[in-house]
K.L.:
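Just dropping this structure here.
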Amino acid sequence: MSVQFIGMIGHRLASEIIPPTGPIFDKQYIADFARAHENAGFDRILVAYASDQPDAFLVTAHAGASTSRIHFLLAHRPGFVAPTLAARKLATLDHLLDGRLAVHIISGGSDAEQKRDGDFEPKDSRYRRTDEYIDVLKQSWYSEKGYNHQGEFYQAENAFSAIKPFQKRLPVFFGGSSDDAIRVAGKQADVFALWGEPLESARETVEAVKASAARHQREIDFSISFRPILGNTEEEAWAKADEILAKATAQQVEKGTALAPKPQSVGAQRLLNAVAQGDRLDSCLWTGIAGLIGGGSNSTALVGTPEQVSDALLKYYDLGITTFLIRGFDPLNDAVEYGKSLIPLTRAKIAARQAVRPTTQPTLV
């Protein structure tokens with residue numbers, strides 16, 4: 001199995017430890033950030049969605065125009081753009097990027113976040129809507145003639161998209177830990193995305209999603225997200241983690257958000273279950289920031305030397321997870337650092353394994 005690395009770019013410099021800097025749509029920063037990932041050897045870049053932030057389609061288009069090789073993963077929430085129109089927008093963007101696009105469909109785990117954009121559907125309805133939304137996307141992308149759709153959330157008559165994805169198949173990423181999410185993922189997703197859970201929890205999720213996909217005679221790939229914190233020594237890396245937690249705590253206090261919100265999403269609840277087990281789990285999984293922010297995003301870290309963190313990633317690889325989304329707390333500089341050490345080291349270890357043992361059986365060690 002090959003390995004893929006995904007980074008994540010923002011529209012301006014900001015993180016849990018860095019207050020937002022520069023204009024809210026910083027064209028130069030977006031371009032520099034995208035090129036840094038390309039030069040560091042990442043395969044793809046995630047462009048996130050938020051209800052109060054610049055349009056991710058345009059951020060992706062600008063980043064794509066500033067690069068030539070790296071692929072993109074555009075986060076997109078159903079409910080705000082009709083799926084027939086979204087299909088054409090995504091296909092057009094895929095042409096603009098010469099086939100470098102994938103879409104990450106996000107049903108929405110926070111009622112408050114959804115309502116800011118005018119969506120008042122309850123969470124269980126949002127997953128039913130997502131399932132239908134992807135059905136319509138795929139019909140628009142791959143139907144060679146007009147089609148009719150009469151569903152719970154969408155209706156279309158003689159719908160047709162003259163523009164198809166540049167690629168033969170535009171990859172669909174999907175995440176979520178609830179039963180509804182796993183049901184939709186099994187039917188629709190090409191890649192299922194997990195937040196950085198402990199090994200045993202990740203194994204349970206992988207098995208559940210595989211079983212869901214098998215009910216549709218499908219196979220599915222897996223991605224997992226971490227915030228690697230690297231040091232020349234193990235002690236140096238953990239000292240950096242302590243410093244990051246102190247800075248993040250101070251920034252929360254300054255912004256008046258020191259109390260972590262109660263999470264609505266099952267994924268966030270699962271991260272808080274990990275927090276309850278301790279701040280250092282497995283070989284080098286750190287839950288400090290996840291506890292601070294209430295598990296509300298991909299906030300768990302792998303802490304150690306590049307060798308130690310690479311070995312930790314390989315344990316998830318052995319579970320069948322072949323894509324790693326890695327981003328740092330100092331976003332651009334950390335992306336550059338990952339390209340110097342963690343990414344090539346991990347690729348080399350997997351290549352060496354495959355040279356000796358072409359197939360890898362999932363195992364927990």
K.L.:
Please report the C-alpha distance between R126 and D180 in whole Å, then the side-chain angles of each, then the deciding distance to 0.1 Å, and finally whether the salt bridge (charged side-chain N to carboxylate O under 4.0 Å, His left out) criterion is met.
P.N.:
CA-CA 10 Å; R126 294 200 292 267; D180 287 335; over 6 Å; no

K.L.:
For a side-chain contact (heavy atoms from CB on, under 4.5 Å) check, start with the C-alpha distance between T287 and L271, then their side-chain angles and the critical distance, and finish with the verdict.
P.N.:
CA-CA 8 Å; T287 65; L271 286 192; over 6 Å; no

K.L.:
Going hydrophobic residue to hydrophobic residue with side-chain gaps under 4.5 angstrom, can you get from F42 over to M8?
P.N.:
no

K.L.:
Kindly say whether F329 contributes a backbone atom to a donor-acceptor pair with the side chain of S15 at under 3.5 angstrom?
P.N.:
yes

K.L.:
Run the numbers on R88 and S140 for side-chain contact (heavy atoms from CB on, under 4.5 Å), then give the verdict.
P.N.:
CA-CA 8 Å; R88 300 196 304 275; S140 293; over 6 Å; no

K.L.:
Could you check whether atom CG of D179 has more than 12 heavy atoms from other residues, nucleotides or ligands sitting under 6.0 Å from it?
P.N.:
no

K.L.:
Measure across E197 and S177 and return the closest heavy-atom pair with its distance rounded to 0.1 Å.
P.N.:
OE2-OG, 4.1 Å

K.L.:
Pair D32, R35 - check salt bridge (charged side-chain N to carboxylate O under 4.0 Å, His left out), show working.
P.N.:
CA-CA 5 Å; D32 291 344; R35 284 192 290 264; 3.0 Å; yes

K.L.:
Would you say V47 ends up clustered with V172 if hydrophobic residues are merged whenever their side chains have heavy atoms under 4.5 Å apart, either directly or through other cluster members?
P.N.:
yes

K.L.:
Quick check for you: to the nearest 0.5 Å, what is the distance between I105 atom CD1 and R77 atom CZ?
P.N.:
12.0 Å

K.L.:
What's the separation between atom CZ in R129 and atom OG in S107, rounded to the nearest 0.5 Å?
P.N.:
8.0 Å

K.L.:
Less than 4.5 Å apart, any side-chain heavy atom of L199 and any of R203?
P.N.:
no

K.L.:
Does any N or O in the side chain of D279 come within less than 3.5 Å of the main-chain N or O of W286, such that one atom is a donor and the other an acceptor?
P.N.:
no

K.L.:
Are V191 and L194 in one and the same hydrophobic cluster, where Ile, Leu, Val, Met, Phe, Trp and Tyr link if side-chain heavy atoms are under 4.5 Å apart?
P.N.:
no

K.L.:
Fit a plane to each ring of H76 and F57, take the angle between them on a 0 to 90° scale, and name the class: parallel (under 30°), tilted (30 to 60°) or perpendicular (over 60°).
P.N.:
perpendicular

K.L.:
Let me confirm one number: the CG-CD1 distance from L292 to I244, rounded to the nearest 0.5 Å.
P.N.:
12.0 Å

K.L.:
Which salt bridge (charged side-chain N to carboxylate O under 4.0 Å, His left out) pairs, counting each pair once, include a residue from residues 226-251, with sequence neighbours left out?
P.N.:
E16-R227, E243-K247

K.L.:
Going by atom types only, do R44 and T323 share a side-chain donor-acceptor pair under 3.5 Å?
P.N.:
no

K.L.:
Can D221 and F192 be said to form a side-chain contact (heavy atoms from CB on, under 4.5 Å), step by step?
P.N.:
CA-CA 6 Å; D221 293 326; F192 183 84; over 6 Å; no

K.L.:
Identify the two heavy atoms, one from P83 and one from L137, that lie closest to each other, and give their separation to 0.1 Å.
P.N.:
O-CD2, 3.4 Å

K.L.:
In terms of ring plane angle, is the pair F80 and Y49 parallel, tilted or perpendicular, where the classes change at 30° and 60°?
P.N.:
parallel

K.L.:
Which atoms form the tightest heavy-atom contact between P331 and F33, and what is the distance?
P.N.:
CB-CZ, 3.4 Å

K.L.:
Closest approach of S178 and Y127, non-hydrogen atoms and distance?
P.N.:
OG-CE1, 3.7 Å

K.L.:
To the closest 0.5 Å, what do you measure between CZ (F72) and CD1 (I6)?
P.N.:
12.0 Å

K.L.:
How many angstroms lie between CG in L313 and CD1 in I224, if you round to the nearest 0.5 Å?
P.N.:
9.0 Å

K.L.:
Look at atom CD of Q150 and say whether more than 12 heavy atoms of other residues, nucleotides or ligands are closer to it than 6.0 Å.
P.N.:
yes

K.L.:
Are V209 and F174 side-chain neighbours, meaning at least one heavy-atom pair lies under 4.5 Å?
P.N.:
no

K.L.:
Compute both the distance and the angle, then confirm whether R169 meets the cation-pi test with Y142: under 6.0 Å from the six-membered ring centre, within 45 degrees of the axis.
P.N.:
yes

K.L.:
Which heavy atom in G291 sits nearest to a heavy atom in V275, and how many Å separate them?
P.N.:
N-CG2, 3.6 Å

K.L.:
Do other residues, nucleotides or ligands put more than 12 heavy atoms under 6.0 Å from the CG atom of N148?
P.N.:
yes

K.L.:
Thinking salt bridges, do D131 and K187 make one under a 4.0 Å N-O criterion?
P.N.:
yes

K.L.:
Strictly under 6.0 Å, is that where the ring centroids of F25 and H11 end up?
P.N.:
no

K.L.:
Take atom CD in E219; do more than 12 heavy atoms of anything else shown fall under 6.0 Å from it?
P.N.:
no

K.L.:
Going from CD1 on I220 to CD on Q188, what distance comes out if it is rounded to the nearest 0.5 angstrom?
P.N.:
10.0 Å

K.L.:
Could you tell me whether E144 and K164 make a salt bridge, using a distance below 4.0 angstrom between a side-chain N and a carboxylate O?
P.N.:
no

K.L.:
Establish, yes or no, whether a centroid distance under 6.0 Å links the rings of Y316 and F226.
P.N.:
yes

K.L.:
Is a donor from one side chain sitting under 3.5 angstrom from an acceptor on the other, for T346 and S310?
P.N.:
yes

K.L.:
Return the orientation label for the H104 and F173 ring planes: parallel under 30°, perpendicular over 60°, tilted otherwise.
P.N.:
perpendicular

K.L.:
Does D190 reach the side chain of R218, with side-chain heavy atoms less than 4.5 Å apart?
P.N.:
yes

K.L.:
Decide yes or no on side-chain contact (heavy atoms from CB on, under 4.5 Å) for Q53 and V59, but give the supporting numbers first.
P.N.:
CA-CA 10 Å; Q53 298 302 306; V59 174; over 6 Å; no

